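Reviewing the structure listed below.
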Amino acid sequence: MTKLDVDLLVMTQMREYVLDQLEARFRAHKLYEASDPDEMLARIAPDIRAIATGAHKYVDVALMDKLPNLEIVSNFGVGYDNVDAKSAGTRGIIVTNTPDVLSDEVADTAIGLMINAVRELPQAEQFLRAGKWKSGEYPLTQNTLREKRLGIAGLGRIGKAIAERAESFGLSIAYYGRTNQNIAYEYHDTLKGLAEHVDILISVLPGGAATDKAFNAEVFSALGPTGTFINIGRGSAVDEAALIAALENGTIRSAGLDVFAKEPHVPDALLALPNAVLLPHVGSGSVYTRNAMGQLLVDNLTNWFETGKPISPVAETPFPKT
Ligand code: NAP
């Protein structure tokens, strides 16, 4: 493995499997370890040609302004709302993400959350662990997956992997997105319209300004008192206060959430709700899948500097340019 004559800014702690490769191929500068990150940046800024980053580590215009020779930002994760990709595109900086390799894992997690939220499996386990079974059976759940309609907001790579799985449960499927894909599933051009039509609503929408607080009081009201809301996309797409109110006052019946507006902070009001199943953003969180994502992050960087072609550039920074 030859070392490339490239200085790389590593903005976030990476798995050892990834970091070992980055250090073998690049002069890796670990910003997250610096006692004075501003001083470190000022010292190495002109040399930096690449960035490796991940969730909650922002690559914004202010940072790009400091790095005159930046060519590529390789992001760990398919969601890249932590990178100002539009501004990168206008500057000719490539942004890459890690699509496809995580779709099946995230879809598995979404299905797990859905079953847990609908059939109350975590609550039933708590009941058993608390020794309550000896005094009587866990109540029958009001909800079931039988004869239900599932709505998927964001029928992209992960959304389609969820739909494939959901079909085997016998769920009828509808979806919302900006584009009618003209496929067998029923299309709705508004979130409210989809929510009105379904029993279970799963969000796989990306974060960012375009989807900010898209799931609001009106959407939860449309989902209705027997409805279940699942979020595997981004927390920013949900008006969390409206969701908490909807769960508290019975506007919807239950929720399953893997993502939150201000991670790792989860509002106390959500923690207190018995009808919310909560996960700490573990959608893609297996060693197998995180290694695959890490490999794609590394391969995007090495391909760029060895062949001049990124593997998975995002839509805002297409390659070759359209
Ligand atoms: P994708 O293939 O790009 O799919 C995104 C879907 O959302 C597309 O179908 C798109 O359809 C729709 N969409 C995008 N922007 C929209 C907007 N402004 N309004 C309405 N619909 C919009 O992405 P993916 O690979 O499935 O990943 C989706 C998201 O999942 C990521 O962005 C990330 O935030 C999240 N994610 C979460 C985890 C986790 O651990 N929980 C893991 C991986 C990914 P149209 O273009 O037709 O609108």
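Model, not experiment: these values are computed from the prediction. One is the number of the first residue; the rest follow in order along the sequence.
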Query raised in the report: In this structure, which one of Q126, Q123, E120, K132 forms a side chain to side chain donor-acceptor pair (under 3.5 Å) with Y138?
Result: E120
Report summary line: Residue set satisfying salt bridge (Lys or Arg N to Asp or Glu O under 4.0 Å) with E39, at least two apart, ordered chain then number -> R43
Query - Basic-acidic side-chain contact under 4.0 Å: D65, R91 - result: yes
Query raised in the report: Side-chain contact, heavy-atom cut-off 4.5 Å: N116 with L279?
Result: no
Requested in this report: Using a 4.5 Å cut-off on heavy atoms from C-beta on, say whether the side chain of F229 contacts that of V238.
Outcome: yes
Query raised in the report: Do you know the tightest heavy-atom contact between L273 and I244?
Result: CD1-O, 4.2 Å
Query raised in the report: With the 4.5 Å side-chain cut-off for hydrophobic clustering, are Y32 and L297 part of the same group?
Result: yes
Query raised in the report: Taking only residues at least two apart or on different chains, which pairs with a member in residues 247-267 satisfy salt bridge (Lys or Arg N to Asp or Glu O under 4.0 Å)?
Result: none
Requested in this report: Keeping to residues at least two apart or across chains, list the side-chain hydrogen bond (donor to acceptor under 3.5 Å, both in side chains) pairs with something in residues 152-169.
Outcome: D104-R165, D108-R165, K160-Q181, E167-Y185
Query raised in the report: Under a single-linkage definition using a 4.5 Å side-chain heavy-atom cutoff for Ile, Leu, Val, Met, Phe, Trp and Tyr, are I200 and Y175 assigned to the same hydrophobic cluster?
Result: yes
Query raised in the report: More than 12 foreign heavy atoms under 6.0 Å from CG of L140: is that the case here?
Result: no
**Report entry** In one Ile/Leu/Val/Met/Phe/Trp/Tyr side-chain cluster, 4.5 Å: L22, I311
**Finding:** yes
Query raised in the report: Quick check: are there more than 12 heavy atoms from other residues, nucleotides or ligands sitting under 6.0 Å from CZ of R119?
Result: no
